[in-house]
Structure formats: C-alpha cells, structure tokens
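Below are the structure tokens for one structure; questions will follow.
Residue numbers start from 1 in every chain, and the chains themselves are labelled A, B, ... in the order their sequence lines are given, proteins ahead of strands. As the structure is a prediction and not an experimental result, all values here were calculated from the model.
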Protein chains: 2
Amino acid sequence: MSKPANDSTVPTRHIHDHCLCLHTQRAARALARRFDEAFRPLGITSGQFSLLNAMNRETPRSMGEVAAILAMDRTTLTANLKPLERQGLMKITVDPADRRSRRLVLTAAGKKLLRAAAPVWKREHAALEKELTAIDANALRAALRAIA
Amino acid sequence: MSKPANDSTVPTRHIHDHCLCLHTQRAARALARRFDEAFRPLGITSGQFSLLNAMNRETPRSMGEVAAILAMDRTTLTANLKPLERQGLMKITVDPADRRSRRLVLTAAGKKLLRAAAPVWKREHAALEKELTAIDANALRAALRAIA
DNA sequence: GCCAAAAGAGTTGATATCAATATATTCACG
DNA sequence: CGTGAATATATTGATATCAACTCTTTTGGC
C-alpha cells in the first residue's frame, strides 16, 4: 500500500483532478502554442487569427460585438487590435451612425492573409481532430460553448 | 431565403464554428473571469490558485514539474511566481541534490490561504457544474485532458 | 432643448504568455 | 579528471488579459 497523503494535500488533489477551470486553461495553453506554431510562417498568432476571422464580415462589426464573440474583455480587444492595425491588417473606423462606436474593417492585406491562413488552419485542425479519435469533437465543442 | 454569404466570409464562418482552439480560448477566458471573481476576496486569481495547488506537496516539486502540470511554459512559471513570492505565499529554494533545480515550497501563509480558498472553489465549482447539467462534466474533463 | 443616466470605447497598472536567448550546473565520455 | 553536451532555470521583449477609471456620445425624461 502507498503512504497515505498528508491531510492538507488531499483537497488539493481533488481540486487538481476535477477543476474545469484548470483543465480548460491547460488545454487553452497547449492549443494556443500549437496553432501559434502553425501560423508562425504567416507572422500571426492563433489569437490574432481568431480575431481577424471575427472581423471578416461584409458589414463590419463593432468592438463590443467582436469582444463578445471572442468572450473577451473590451479593453483586451483594444490592446489586441494595436499590432494588427500597425501591421496594416485592419483599420478602426468611427461608426457614422453612432460616433461612440468603432467599426473594425479588414484591409486588403488582412483579407489576403486570412486567405493564406485558411489552409494552414484546415491542415492543423484536421491533424488535431485525428489525434482526438476517442473524443467526440462535436460534444467537446458543445460543452465549451455551454461554458462560454 | 437569406442572402448568400460573400465568398470570402464562407471559410471564416466554418472556422469560427468549428475551431477547437477558439472555443477553448473562449471558455478559458470566461472561466478565468468567473473564478477570478470568486477568489477576489482572498486576493488571488484563478491561475494563482491553480499554481498554489500545484505546489501543495509534502515533497516540493521543481519548476519543470509544476510547469508540466499546468501545461505552461517554464518561463511563464518563472514570471508567475514573482507576485506569489513577493506576497510571502511561497519560496523558491535551491535543490541541494541538484543545484540547477529549484524546489517550490509553500509558506505557512500560502497553506493557510489554500485552506481558505478550498471552500470557495468547492462552492463555485459546484455552481458551475450545476449550470452544465446537459453536459457530461466527466467527459469534458477527459476531452480537455486529451488535448493537454 | 436640457440634463442626468447609460452606453461605447480608451488608458493605466498589474499579471500572464511565450519565443529567443543567456547562465549555471550536471552528466557523459574519453 | 576535464571538457563538450545536456539539463534546469532566468532574462528580455512583445503580446494578452482584466479591473478600475476616464472620456465621449447618445438616449430618456422632463
């Protein structure tokens, strides 16, 4: 028999094994690293790819809309736009109908980058799903969507 | 019938709907905010709670071990320890058996904080699982573990 | 129309994240 | 036993994250 655990470490073990917050953070870090790596030749990160995707609309979205889509704080979005704007991938424009609001518009360079990134995503995501054969990827998506 | 989508936005919609990386980041942000809020009265974040938990061992873990447990870059761990050490919750000690290695040791204050945080976690996590009734939390954990 | 409340976004400060790189220590092998 | 490779961690620089606060603009009640 193995030595019984120290009393103070028992709740810690239960928490470590069960905490959905921890498990989600772990998975988020691992996936971000993986897709960061895949997109590196294109000069963007996985987060920037998702953000550019969220802006790829015929009718541009506002900051609040994009922040909600990414389940991200509005002020985080403000920060994340800076490198993209500096690289000329998108522009922040004032909404003429409501001058408090900003419309996020992809530039031609931004759209071109997204076109180049799509096959990279497809390849990497297919590889990921292949590794998760024992997992129902659809159920996983549904569960994550239920959380956020 | 609704207007057909602009060609350039079609792959974007597919990606937005299916990307496990995006869904995981979204859930990770939402859960971090939620548990950050729950732990705020204790002066720690959800990430710091997980980190303190990972250090709550009779035989202290090394940095590499803790980084692996959290699926976190080693250099990120170095940065994350600084506020905890400054607040006197843990100490970084040199491993006498291998002086390259650091053993991460909770202080009495750190252990006390963990004891206070455990019921907060339990309450908040129970509430979360209750909201996910339609979801198999066990399956979700298994899937996330398969990713990281 | 006026003014208070609400809504949208920006700024600041602290922590989090990782790649690239650097330093210190141990190990392996000759 | 000495030296180059491997291991463990630290530093730097850029981006990411959010709370607290501020600024601007719009809306609602009168």
Side-chain angles (χ1 to χ4, degrees), chain A residues 21-22 24-41 43-51 61-68 70-87 89 92-104 148, chain B residues 21-22 25-41 43-52 61-68 70-87 89 92-104 148:
Chain A
C21 186
L22 170 59
T24 307
Q25 304 299 326
R26 281 173 47 88
R29 290 188 196 104
L31 285 180
R33 277 194 296 270
R34 176 176 187 150
F35 282 85
D36 282 356
E37 172 78 21
F39 289 127
R40 187 158 305 135
I44 57 172
T45 65
S46 61
Q48 291 173 334
F49 174 72
S50 293
L51 177 45
R61 289 191 165 112
S62 70
M63 298 206 47
E65 288 168 345
V66 170
L70 302 178
M72 176 188 288
D73 191 279
R74 282 185 181 88
T75 69
T76 301
L77 177 57
T78 298
N80 291 2
L81 290 178
K82 291 189 175 177
L84 298 180
E85 190 178 28
R86 179 155 35 77
Q87 294 169 45
L89 300 175
I92 304 176
T93 67
V94 174
D95 184 345
D98 181 345
R99 302 207 339 258
R100 292 171 301 183
S101 181
R102 303 288 181 269
R103 296 287 157 182
L104 305 179
Chain B
C21 186
L22 170 59
Q25 305 299 324
R26 282 173 46 89
R29 290 189 196 103
L31 286 179
R33 276 194 298 271
R34 177 175 187 153
F35 282 85
D36 282 356
E37 173 78 20
F39 289 128
R40 187 160 303 136
I44 56 172
T45 65
S46 60
Q48 292 173 334
F49 174 72
S50 293
L51 177 45
L52 290 171
R61 288 189 165 113
S62 70
M63 298 205 47
E65 288 168 345
V66 171
L70 302 178
M72 174 188 288
D73 191 280
R74 281 185 183 86
T75 70
T76 301
L77 177 57
T78 296
N80 291 2
L81 290 177
K82 291 189 176 179
L84 298 181
E85 191 179 27
R86 177 158 34 76
Q87 294 169 47
L89 300 175
I92 304 176
T93 67
V94 175
D95 184 342
D98 182 345
R99 307 213 330 262
R100 292 170 302 184
S101 181
R102 303 288 181 266
R103 295 289 156 179
L104 306 181

Beyond-backbone contact of A:Q48 with A:P83, side-chain heavy atoms, under 4.5 angstrom: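 Side-chain contact under 4.5 Å: yes.
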
Atom-pair distance (CZ on A:R103; P on C:dG8), nearest Å: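 Whole-Å distance recorded here is 10 Å.
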
Interatomic distance, B:L77 CG vs D:dT9 C1' [rounded to whole Å]: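 Going from B:L77 (CG) to D:dT9 (C1'), I get 10 Å.
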
Show which side-chain atoms of residues 30-37 of chain A pair as donor or acceptor with protein atoms under 3.5 Å away, not counting sequence neighbours.
{"unit_1": "A:R33", "atom_1": "NH1", "unit_2": "B:A71", "atom_2": "O", "d": "3.1"}
{"unit_1": "A:R33", "atom_1": "NH2", "unit_2": "B:A71", "atom_2": "O", "d": "2.9"}
{"unit_1": "A:R34", "atom_1": "NE", "unit_2": "A:E124", "atom_2": "OE2", "d": "2.7"}
{"unit_1": "A:R34", "atom_1": "NH1", "unit_2": "A:E131", "atom_2": "OE1", "d": "3.0"}
{"unit_1": "A:R34", "atom_1": "NH1", "unit_2": "A:E131", "atom_2": "OE2", "d": "3.3"}
{"unit_1": "A:R34", "atom_1": "NH2", "unit_2": "A:E124", "atom_2": "OE2", "d": "3.4"}
{"unit_1": "A:R34", "atom_1": "NH2", "unit_2": "A:E131", "atom_2": "OE2", "d": "2.8"}
{"unit_1": "A:D36", "atom_1": "OD1", "unit_2": "A:S46", "atom_2": "N", "d": "2.7"}
{"unit_1": "A:D36", "atom_1": "OD1", "unit_2": "A:S46", "atom_2": "OG", "d": "2.9"}
{"unit_1": "A:E37", "atom_1": "OE1", "unit_2": "A:R40", "atom_2": "NH1", "d": "2.8"}

Distance below 4.0 Å between A:T78 side-chain N/O and C:dG10 OP1 or OP2: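 Affirmative; the distance criterion is met.
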
Listed partners of A:R100 passing salt bridge (Lys or Arg N to Asp or Glu O under 4.0 Å), at least two apart: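 A:R100: salt bridge (Lys or Arg N to Asp or Glu O under 4.0 Å) contacts with A:D98.
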
Between C1' of C:dT25 and CG of B:D95, the distance in whole Å: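 Whole-Å distance recorded here is 12 Å.
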
Proximity to the side chain of A:D73 - top-ranked nucleotide from D:dT25, D:dA19, D:dT9: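 So the nucleotide nearest the side chain must be D:dA19.
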
d(CD1, B:I92; C1', D:dA10) in whole Å: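 In whole Å, D:dA10 C1' lies 10 Å from B:I92 CD1.
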
Could you write out each protein N or O paired with an N or O of nucleotides 1-5 of chain C at a distance under 3.5 Å?
none

d(CD, A:E65; P, C:dA7) in whole Å: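 In whole Å, C:dA7 P and A:E65 CD are 16 Å from each other.
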
From B:L81 atom CG to B:I92 atom CD1, the distance as rounded to the nearest 0.5 Å: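 Answer for the CG-CD1 pair, B:L81 versus B:I92, is 5.0 Å.
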
Sugar-phosphate, base or nothing in reach of B:R74, heavy atoms under 4.0 Å: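 B:R74: base contact, heavy atoms under 4.0 Å.
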
Whole-Å gap separating C1' (D:dT9) and CG (B:L104):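 Rounded to whole Å, this separation is 11 Å.
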
5' priority, DNA chain C, between A:M63 and A:R40 [closest heavy atom]: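 It is A:M63 whose nearest nucleotide is closer to the 5' end.
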
Protein-nucleotides 12-16 of chain C N/O pairs under 3.5 Å:
{"unit_1": "C:dT15", "atom_1": "OP1", "unit_2": "B:R86", "atom_2": "NH2", "d": "3.1"}
{"unit_1": "C:dT15", "atom_1": "OP2", "unit_2": "B:R86", "atom_2": "NH2", "d": "3.3"}
{"unit_1": "C:dA16", "atom_1": "OP2", "unit_2": "B:N80", "atom_2": "OD1", "d": "3.4"}

Side chain to side chain contact (heavy atoms under 4.5 Å, CB included), paired with A:L51, selected from A:L84, A:I44, A:L89: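 Going through A:L84, A:I44, A:L89 one by one, the side chain to side chain contact (heavy atoms under 4.5 Å, CB included) with A:L51 is satisfied by A:L84 alone.
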
For atom CD of A:E37 and atom P of C:dT17, their distance in whole Å: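 Atom CD in A:E37 sits about 19 Å away from atom P in C:dT17.
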
5′-ward residue of the pair A:A32/B:R99 relative to DNA chain C: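 It is A:A32 whose nearest nucleotide is closer to the 5' end.
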
Distance test, side-chain N/O of A:S101 to OP1/OP2 of D:dT25, below 4.0 Å: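 The answer is no; no side-chain N or O of A:S101 sits under 4.0 Å from OP1 or OP2.
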
Pairwise distance CZ(B:R29) to CD(A:Q25) - rounded to 0.5 angstrom: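 Here the interatomic distance stands at 10.5 Å.
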
Separation of C:dC18 C1' from A:R26 CZ (nearest whole Å):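 Interatomic distance, CZ of A:R26 to C1' of C:dC18: 17 Å.
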
Qualifying residues under salt bridge (Lys or Arg N to Asp or Glu O under 4.0 Å), relative to A:R26, sequence neighbours excluded: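 Partners of A:R26 under the salt bridge (Lys or Arg N to Asp or Glu O under 4.0 Å) test: none.
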
Those residues that, when tested against B:T76, pass side-chain contact (heavy atoms from CB on, under 4.5 Å) (two or more places apart):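 B:M72, B:D73, B:N80.
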
For B:E65, all residues meeting salt bridge (Lys or Arg N to Asp or Glu O under 4.0 Å), sequence neighbours excluded: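 In terms of salt bridge (Lys or Arg N to Asp or Glu O under 4.0 Å), with neighbours along the sequence ignored, B:E65 is linked to B:R103.
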
Side chains of A:V94 and A:R102 in contact at under 4.5 Å (non-hydrogen atoms):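 A:V94 reaches A:R102 side chain to side chain.
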
Terminal helix-axis angle for the helix from C:dG1-D:dC30 to C:dG30-D:dC1, with five pairs defining each axis and rounding to 10 degrees: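 Inter-axis angle at the termini of the helix from C:dG1-D:dC30 to C:dG30-D:dC1: 20°.
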
Under 3.5 Å donor-acceptor, A:R74 side chain and A:M63 backbone: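 Pair absent, no side-chain N/O of A:R74 close to backbone of A:M63.
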
N/O (side chain, A:R102) to phosphate O (OP1/OP2, C:dA9) under 4.0 Å: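 A:R102 to C:dA9 OP1/OP2: no side-chain N or O under 4.0 Å.
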
Distance-only donor-acceptor test (3.5 Å): side chain B:R100, base D:dT7: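 Side chain to base: pair found, below 3.5 Å.
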
